[in-house]
Amino acid sequence: MAVSTLTRNLRDGELVIRDGSNPPQSLTVVLDEGDLTWTERQRTIEVKDRGSIAAGHTRKGDDESVALSFSAKWTQLLGKAADPADPLQLYEMLMFVSGCDVVSTSSPGEQETLTLEFTIVDPAGVAGERVVFEKVYRESLTMSEGDEANQIAFTGRAFQTAPSISRI
Amino acid sequence: MLTAEQITIAIQSFWQEQYPFAEATVWPGTVASTATAARWVELWIDAWTGSARRRTAVDRFEIALVAHCFSRDRSNPLAAHELASAARATLEHRTIAIGQPDDPDAPSIGHVMFREAELHDVGRRQLLGHREPLQQVIVALSAVVEAAAAAGM
């Protein structure tokens, strides 16, 4: 059986961000908080018959993009943008900071997007899974100070109705 | 993964170089007679606490360090406080690089980042008239230990 019934938790995940370069630049978020959240919404049009649900019906509504968010401990804000010899940093990748050569995964003229790849390792080593969010654009990036660690919090959307999930 | 040995060596080496009363330090695991000592400091790393993190994340945890400062100096009833204040000044808000003991010239493999200190006077002043009064001040600090992150690319 290639299915494991063991519960997964934040220890089992890994978040990697890729851009549209060929080959893509990728960054493993090594200090994320393990709080990746995404929501797949379904829109429905309720057509009621003179206010009655019993006599009414539903229709499919517009597609809804996937809302997602995650946060990470803040280390260096600028790396490659400040010195090409330095490694790419989370902030500059998410912000497409000039000088770090981060390329959008969408066509020129469209909003700048990235690919987020979330891998969940099966603790039993049986059936790991990979969740890929395509065309992820930023809605907000919030930087905040904290006692234990400063934080970068990302919220955005993947321009697809659901991420693609595959077994690895 | 950082080892207890690497972290302990880094902290003790820093203490040895920076603490103004380093010669009064009684190191864990050593046998010392304090019966006739005028003052001494015992330096302990009491607790190692990991927090929830990804398996693939860099090694990161908290340690609790306690310096027990003792004095029998009857001429100076604040001698233990002097030891404690110096301990606080030595460690509070300090960042100590963790080196590789077998290769001192190699890049550091992590850091110990000390937070604010907390001092507790657990001496008993009324005992100062006693034949062998003992002052004791405890300096407690917590620190975050973080392994050096590999390049994100």
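Residue numbering restarts at 1 for every chain, and letters A, B, ... go by the order of the sequence lines. These numbers come from the heavy atoms of this one structure, side chains and all, not from hydrogens, waters or symmetry mates.
For the residue pair A/R157 / A/S65, a side-chain donor-acceptor distance below 3.5 Å is found, with atom types taken as modelled.
Expressed to the nearest 0.5 Å, how far CZ of B/R94 lies from CZ of B/R88 amounts to 12.0 Å.
Scanning for ring pair (Phe, Tyr, Trp, His ring centres under 6.0 Å) contacts around B/W40 gives B/F70, with sequence neighbours left out.
Within residues 46-57 of chain B, the residues that have a heavy atom under 4.5 Å from a heavy atom of chain A are B/A52, B/R53, B/R54, B/R55, B/T56, B/A57, listed by number.
Residue contact with chain B, scored on non-hydrogen atoms closer than 4.5 Å, involves the backbone and the side chain of A/L10 alike. For a residue to count as touching a neighbouring chain, one of its non-hydrogen atoms must lie under 4.5 Å from one of that chain's; by this rule A/D12 touches chain B with backbone and side chain alike.
By the 4.0 Å N-to-carboxylate-O rule, A/D122 lies close enough to A/R8 to be salt-bridged with it.
Placement of B/I96 and B/W27 within a single hydrophobic cluster is found when ILVMFWY residues are connected by side-chain heavy-atom separations under 4.5 Å, directly or transitively.
Pairs engaging residues 145-156 of chain A under the side-chain hydrogen bond (donor to acceptor under 3.5 Å, both in side chains) rule: A/E33-A/Q151, A/S140-A/T155, A/E148-B/R60 [sequence neighbours left out].
Hydrophobic cluster membership for B/M113: B/V144 (Ile, Leu, Val, Met, Phe, Trp, Tyr linked by side-chain heavy atoms under 4.5 Å, directly or transitively).
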